[in-house]
2 protein chains.
Amino acid sequence: MDAENQARLQARARVLKAMAHPSRLYLVELLSNQEQCVAELTKAVGADISTVSKHLSLLKAVGIVEDRKQGTQVFYRLKAPCVLNFFSCVEEVLKNNLQEQIKLVK
Amino acid sequence: MDAENQARLQARARVLKAMAHPSRLYLVELLSNQEQCVAELTKAVGADISTVSKHLSLLKAVGIVEDRKQGTQVFYRLKAPCVLNFFSCVEEVLKNNLQEQIKLVK
DNA sequence: TGCTTATTTGGCAATATAACCAAATAGGCG
DNA sequence: CGCCTATTTGGTTATATTGCCAAATAAGCA
């Protein structure tokens, strides 16, 4: 694999990696309906606010979400709603692979 | 976030995480046209064969690829071609976020 | 300005991932 | 069987990710 291909795939991997975490997937879901501030998102996710803030920063860095400051609050919203399309495929994969998925959990 | 939601999102994250690596993305691309054996895939990726074998095992464990034994060779093929649909969205995200992507590389 | 609330950043410890090498396994064939 | 080829597995080390706490920053308001 040459350097150019490597760079291309690394960029793609970065975006997918940003999605590949339970809390971040949840954040994307939460933002699919409406923009929300960090405090609200933190309550929903149930982790430390600093943790949620870092998850949001990562999603923002790769371009999946964007933010808007309003007073002391920061509202995040989905910038790339096309990522929601991933879910139907992911669910299909999970459905077709139930037995293996169960092994992975054990 | 309750336990059920956590489990649901963890399963989804597992599938996305399996995709979120340059070599594995490349493997998926290589298999999008035709099934190939481990040796061929290894040559294309340019890593140690044991490394490639492990990447393939991971893709298989989550249900993205499947394999078929023929003599001493193992041929892998795409089991969930719908993952190819991810790429157009990922490219869109990358295009819309060029400046940030460049920062990430630096 | 000083205080309060909201969020981000820095730092650390725990865990997970990745790559290689070496060794094990599996199938075909003399 | 013994050997060869293809692939997987085990083990180790290096690197990356995660989550929390504490501290820093930012904005509004008395």
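Every heavy atom of this structure was used, including side-chain atoms; hydrogens, water molecules and symmetry mates were not. Note that this is a predicted model, so its numbers are computed, not measured. Chain naming here is simple, since letters A, B, ... match the order of the sequence lines and numbering starts at 1 in each.
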| query | Would one find a side-chain N or O of A:H55 under 4.0 angstrom from OP1 or OP2 of D:dT17? | reply | no
| request: Spell out yes or no: do the side chain of A:K54 and the base of C:dG11 have one donor N/O and one acceptor N/O closer than 3.5 Å? | output: yes
| query | Is any side-chain N or O of A:T51 closer than 4.0 Å to OP1 or OP2 of D:dT18? | reply | no
| task | Classify the nucleic acid contact of A:K60 as base, sugar-phosphate or nothing, counting any heavy atom under 4.0 Å across all strands shown. | result | nothing
| task | Determine the contact category for A:F75: base if any of its heavy atoms lies under 4.0 Å from a base atom, sugar-phosphate if only primed atoms, P, OP1 or OP2 are that close, otherwise nothing. | result | nothing
| Under 4.0 Å: is that the gap between some side-chain N or O of A:T72 and OP1 or OP2 of C:dA6? | no
| message | Within this structure, what is the CE-CD distance for the pair B:M1 and B:Q6, rounded to the nearest 0.5 Å? | response | 4.5 Å
| note | By nearest-nucleotide position on DNA chain C, the 5'-leaning member of B:L58 and B:G71 is B:L58
| Between the base of C:dC21 and the side chain of B:S50, is there any donor-acceptor pair under 3.5 Å? | yes
| remark: In whole angstroms, the gap separating P of C:dT15 from NZ of B:K17 amounts to 15 Å
| note | B:C37 has its side chain closest, among D:dT7, D:dC20, D:dT18, to D:dT7
| field | Closest to side chain of A:A39, choosing from C:dT7, D:dG19, D:dA27 | value | C:dT7
| message | As a test of reading the structure: which of D:dT18, C:dA6, D:dT8 is closest to the side chain of B:Y76, going by heavy atoms? | response | D:dT8
